[in-house]
Amino acid sequence: MTDHPHEKKEDVSRRRFVEVCIGGMGVASAGAVAYPVVSFLGRPASLEGAQTIRIPIDELNEDQARYIDWQGQQVAVIFTGRVPKAFSASCSHLGCLVAWDNVKHVFHCPCHGAVFDDQGNPVSGPVSKPLTAIPFQEADGHIVIG
Ligand code: FES
């Protein structure tokens, strides 16, 4: 910055103040853009891929759902007719999270009204594909996903 010889001292300090503010906003904006990128790239590899989740079957209640975060996606584990089932909780229409209705035994999508039965099959709404089934094994009284 060069001061002009005919500027008053107040003008110079006001201009300097504005320059500092603009510079600060630039730094803040760059940080706001860079932080999500850096934090995404910095995720530990152990969170990707090989995550295994074990859920004790005796902790599952008939007709209830449990939502878990598995490999970056929401999974709904339900227990109906004494049989555990697991589905991606992302609606097969446009990906909104479906909610389990433990009275009607269906999943509802809040976005466009899709309904899926307890096998993940579409019942009504703008969907033709089922919810994605999440494979699991039963071992030692647990459901093992992954
Ligand atoms: S996203 Fe579920 S019905 Fe559209």
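In each ligand, atom 1 is the first atom listed, and ligand 1 is the first ligand listed.
The atoms of ligand 1 that sit less than 4.0 Å from any heavy atom of Ala114 are 3 (S). Each of the atoms 1 (S), 2 (Fe), 3 (S) of ligand 1 lies under 4.0 Å from some heavy atom of Cys91.
A side-chain donor-acceptor contact under 3.5 Å links Lys85 to the backbone of Thr80.
SG atoms of Cys91 and Cys109 are separated by 2.5 angstrom or more, inconsistent with a disulfide link.
Counting heavy atoms from C-beta outward, His105 and Trp100 have side chains that approach closer than 4.5 Å.
Cys111 lies apart from atom 2 (Fe) of ligand 1 in this respect, since none of its N, O or S atoms is found at a distance under 2.8 Å. Among the atoms of His112, an N, O or S atom falls under 2.8 Å of atom 4 (Fe) of ligand 1. Residue contact annotation: His93 places an N/O/S atom under 2.8 Å from atom 4 (Fe) of ligand 1.
The NE2 atom of His112 sits 5.5 Å away from atom CG of Leu94, with the distance rounded to the nearest 0.5 Å. Rounding to the nearest 0.5 angstrom, the gap separating the CG atom in Asn102 from the CD1 atom in Ile78 is 11.0 Å.
For atom 1 (S) of ligand 1, the nearest protein heavy atom (residue, atom name, distance) is Leu94 N, 3.3 Å.
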